[in-house]
Amino acid sequence: MSESMAIRGGSPLSGAITVQGAKNAALPVMASALLLRGRRLTLERVPNLRDIHTMSDLLRHLGAEINFENGRMTIDVPEELKWETPAELVRKMRASSLVLGPLIARCGEAVLPLPGGCAIGSRPIDFHLKGLARMGAAIDLEQGSVHAVTSGLSATRVTFDFPSVGATENLLMTAALTPGESVIENAAREPEISNLAQTLRAMGAYVEGDGTGTITVRGTRELESATVRIIPDRIEASTYLLAGLMTRGDITVNGINPEYLAALLSKLREAGVDFITTPNSVALDAAGKNWNGVTLTTSPYPGFPTDVQPQITAALCMAEGTSVIHESVFDSRYVHVPELRRMGGKIDTLGNTLIVIGVPKLSAGEVRASDLRAGAALILMGLAAEGRTVVRELKHVWRGYENLMEKMASLGARVELLPVEDGDE
Ligand code: UD1
């Protein structure tokens, strides 16, 4: 059962929004609270999202006490924690795997059913497990669950085959509570990793090199209470900028460091889109303008983010000329393509590459969100297409966009939430 959104599209969006705290920074930072013993982690600018509630439920199940109001969250962690995680929570969200490292480091044991999350290709956690095994955890896979146990972890050097965001975060947290010097090589460089590193530093661990491919951690047996502010959400910011573009509107996104958006902004510049940046905002003016097709490949930060691939694919459906989009992070992140086609997008697939032939107009229609960013892309299509579009299965979208209806309405979007109907799944 999930709500739907009706959109009367075809008119320009105009105005300003302030970006929410980053979902993908808040989730690992919340998990890092488990490293504490009888201490408190206080977080500011936490977005009010479904995934955040799932992580809260998981931490509560393990024994933490959580208060969350107006973006401020306190997580009080008791001396004793549970270390078995329940399948019904873990399967809701892949980021549940982020509690694995902290639990092993803190309790010496952890059980994690294999996690769920967006349906975007095969998403194993083998890098996480290999890294934890190198630090001294014995890992067993039993009946769809990971069982990890250790009689003591040791600081070490871990080199990832691929700069996985989640694996880097899990190892970073584990190393922070493991005395000695650990080095993570081929680490992910995302800004969200730096937000986690900042949290661990505030707790008293030594972390250096975040934002580069080599992170050095000197861990300690006991970490302290800390207060941290979650960084702005670059994926939300990108989505609103693309909404401004696709509706030929003018939108200012406030509270974002444009450096986080460098890969997107560089492609927009190449496409001939006008925008102005300040140290904490981006203003895009697309009124009465057209844009050109571009070629892009998604890759780990600072490359083009895979989490913006569905939304830019939507925007390039209306470009002048042809675009080529290559997805290199996930092996099948094209579940949105059939739905974009239903709304007039001319898209051919060639293995892991999309060929998008720009059309002057999209058509309104009834479509279904299959995952979080696919849902965002369909909403953008609906805003751009004249007529009434209905996007179903909004539950995926609630995982990542705070106050979506209010924010869009404030930009002049004509959107309406439809109640769950009989026959809806
Ligand atoms: C994080 C983000 C997600 C984003 C992704 C890539 C969070 C909560 N989620 O997900 O929104 O799309 O980064 O920017 O921050 N892989 C393996 N084995 C592993 C781990 C990863 O093969 O052990 C593969 C994955 O299948 C995928 C690629 O590596 O193909 C990237 O995954 P990863 O960077 O780990 O993404 P997540 O941390 O899951």
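Everything quoted here is computed from the prediction, not taken from an experiment. Every number for a ligand or one of its atoms is a count from 1 in the order of the listing. All values below were derived from every heavy atom in this structure, side-chain atoms included, with hydrogens, water molecules and symmetry-related copies excluded.
- In the vicinity of Phe162, heavy-atom distances shorter than 4.0 Å reach the ligand 1 atoms 28 (C), 29 (O), 31 (C).
- Arg333 counts as a contact of ligand 1, since one of its heavy atoms falls under 4.0 Å from the ligand.
- Checking Glu109 against His147 by side-chain atom types alone, a donor-acceptor pair falls below 3.5 Å.
- Looking at Ile193, Asn24, Leu196, it is Asn24 that brings a heavy atom closest to atom 8 (C) of ligand 1.
- Defined by atom type and a distance below 3.5 Å, a donor-acceptor pair is present between the side-chain atoms of Ser4 and Arg392.
- In this structure, Glu192 has no heavy atom closer than 4.0 Å to ligand 1.
- Nearest heavy-atom pair, Ala137 versus Leu153, reported as atom, atom and distance to 0.1 Å: N-CD2, 3.9 Å.
- Residue nearest to atom 17 (C) of ligand 1, selected from Phe160, Phe330, Phe127: Phe127 (by heavy-atom distance).
- Residue contacts with ligand 1: Glu190 is placed with no nitrogen or oxygen under 3.5 Å of a nitrogen or oxygen of the ligand (distance criterion only).
- At least one N/O-N/O distance between Val165 and ligand 1 falls below 3.5 Å.
- When heavy-atom distances to ligand 1 are checked against a 4.0 Å cut-off, Asp307 comes that close only through its side chain, counted from C-beta outward.
- No side-chain donor from either of Asn195 and Glu192 sits under 3.5 Å from a side-chain acceptor of the other.
- The distance criterion of under 3.5 Å between nitrogen or oxygen atoms is met by Asp126 with respect to ligand 1.
- Listed by chain and residue number, Leu13, Leu383, Met408, Val415 satisfy the side chain to side chain contact (heavy atoms under 4.5 Å, CB included) test with Ala413 (two or more places apart in sequence, or in another chain).
- Ile139 CD1 to Leu129 CG: the interatomic distance, rounded to the nearest 0.5 Å, is 5.0 Å.
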query: Does the side chain to side chain donor-acceptor pair (under 3.5 Å) test come out yes or no for Thr156 and Arg134, once each step is laid out?
result: CA-CA 7 Å; Thr156 187; Arg134 263 198 69 78; 3.3 Å; yes

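- An N or O contact shorter than 3.5 Å is missing between Lys23 and ligand 1 by distance.
- Between Asp210 and Thr212, the side chains place no donor N or O within less than 3.5 Å of an acceptor N or O (distance only, hydrogens not considered).
- Shortest non-hydrogen contact noted between Ile104 and Ala110 is CG1-CB, 3.8 Å.
- Each of the following atoms of ligand 1 lies closer than 4.0 Å to a heavy atom of Val329: 27 (C), 28 (C), 30 (O), 31 (C).
- Each of the following atoms of ligand 1 lies closer than 4.0 Å to a heavy atom of Thr306: 6 (C), 12 (O), 14 (O).
- Among Ala26, Ala167, Pro124, Gly166, the residue whose heavy atom lies nearest to atom 20 (C) of ligand 1 is Pro124.
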